[in-house]
Every structure is written in structure tokens, then in C-alpha cells.
Chemist: 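Below you will find the structure I want to go over with you.
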Amino acid sequence: MRNKFVLFFIPILFSLFFSCASYSIDNFIQTGKTFSPFPESEEVDVVMRAVPSYKVIPIGLIKICYQVNLSEDGITELKKVARSKGGNVIALFESGYEAGYKYSIYEVARKVNN
């Protein structure tokens, strides 16, 4: 009886542990200008408010869904998407809950050089 109990719950615990650490990035939505991609070495600023303290050119929006907290891996993937679209800034646009998951929408933008 005990062996059946353990064999039943180990896969459930395993899936819960790994699913809580996961995230999913939805499609990028183009809302502004199109730019050439930045190289992987380009630094991407992460701004946790809707309006950065410097001027930017909006490029688009990207949504990321997660179960517990947005991990460093999730932020890294957002930065990759930003670079691929020519952005070097991601700014938190909106966050909330949807169908049992947390989500955040980030605006991808490009810094304006003065």
C-alpha cells in the first residue's frame, strides 16, 4: 500500500516542482517602429514601472505567464526577444492574474540617443 502511495505522488510532486519554476512567453505584438536586431552583447534595461526615466521609442509588447515569481531565466528570455526586435529597454506595462497564472506585459522599446 505504501509503495503505491509513493509511486502515485512522486510524479505529481515532481511535476508541481518543475511547473512552478516555468514560464511561457506569448507572441510579440508590434506596436511601433521596426529596428534591426541588437547583438547578444547589448545591455537591456529592465524598468519596473510603465514610464522609464529617459526617452524611448516604443517597438512592441510581449506577454510572459508564470506560476510563482518571474525567474531570472524569464527575464533573460524577455531580453533576448527585446534584442531581436531592436530594443534595449523592457518596461513593465501591466501585470495581473489570468486562468490561475500570473502574467506580466512588458513594453519593448529603444533608448533615444540625445
Side-chain angles (χ1 to χ4, degrees):
M1 176 73 172
R2 184 170 183 239
N3 287 342
K4 288 181 183 180
F5 180 78
V6 170
L7 290 175
F8 178 75
F9 280 104
I10 285 181
I12 292 172
L13 292 173
F14 185 78
S15 67
L16 283 175
F17 175 76
F18 284 103
S19 66
C20 289
S22 66
Y23 58 89
S24 129
I25 293 182
D26 287 350
N27 291 334
F28 174 83
I29 300 170
Q30 188 82 33
T31 61
K33 289 189 167 191
T34 302
F35 293 98
S36 298
F38 276 118
E40 222 176 283
S41 60
E42 178 71 22
E43 185 64 34
V44 176
D45 292 348
V46 179
V47 180
M48 297 308 285
R49 58 184 177 278
V51 181
S53 59
Y54 41 82
K55 291 185 179 184
V56 296
I57 301 169
I59 298 173
L61 299 172
I62 188 158
K63 180 178 177 182
I64 185 166
C65 298
Y66 46 96
Q67 288 187 349
V68 180
N69 290 316
L70 185 55
S71 66
E72 188 63 36
D73 290 342
I75 295 290
T76 300
E77 288 303 312
L78 287 170
K79 289 179 176 182
K80 284 181 186 177
V81 172
R83 282 187 208 101
S84 74
K85 301 299 181 180
N88 54 6
V89 177
I90 54 173
L92 182 62
F93 183 75
E94 177 184 323
S95 63
Y97 292 90
E98 180 179 87
Y101 291 92
K102 292 181 182 180
Y103 74 89
S104 294
I105 298 174
Y106 285 85
E107 179 178 43
V108 176
R110 188 179 189 116
K111 288 182 197 176
V112 174
N113 295 330
N114 292 337

Chemist: Which heavy-atom pair separates F93 from E107 by the least distance, and what is that distance?
Modeler: CB-N, 4.2 Å

Chemist: How far apart are the closest heavy atoms of V89 and V56, and which atoms are they?
Modeler: CG2-CG1, 4.2 Å

Chemist: Using the rule that two of Ile, Leu, Val, Met, Phe, Trp, Tyr join whenever any of their side-chain heavy atoms come within less than 4.5 Å, decide whether I29 and I57 are in one cluster.
Modeler: no

Chemist: For the OG atom of S53 and the CG atom of D45, what is their distance to the nearest 0.5 Å?
Modeler: 9.0 Å

Chemist: To check you understand the geometry: which heavy-atom pair defines the closest contact between Y103 and Y97, and what is its length?
Modeler: CE2-N, 3.6 Å

Chemist: Drop me the distance from I64's CD1 to I90's CD1, to the nearest 0.5 angstrom.
Modeler: 8.5 Å

Chemist: Without placing hydrogens or testing angles, list every side-chain donor-acceptor pair under 3.5 Å for residues 30-44, not counting sequence neighbours.
Modeler:
{"residue": "Q30", "atom": "NE2", "partner": "G32", "partner atom": "O", "Å": "3.2"}
{"residue": "Q30", "atom": "NE2", "partner": "K33", "partner atom": "O", "Å": "2.7"}
{"residue": "Q30", "atom": "NE2", "partner": "I59", "partner atom": "O", "Å": "3.3"}

Chemist: Return yes when atom OH of Y101 has more than 12 non-hydrogen atoms of other residues, nucleotides or ligands closer than 6.0 Å, and no otherwise.
Modeler: no

Chemist: May I have all residue pairs that pass side-chain hydrogen bond (donor to acceptor under 3.5 Å, both in side chains) and include part of residues 79-92, sequence neighbours excluded?
Modeler: E77-K80

Chemist: Would you indicate whether the side-chain heavy atoms of V81 and L78 approach each other to under 4.5 Å?
Modeler: no

Chemist: Please report the shortest heavy-atom distance between P52 and A91, naming the atom on each side.
Modeler: CG-CB, 4.4 Å

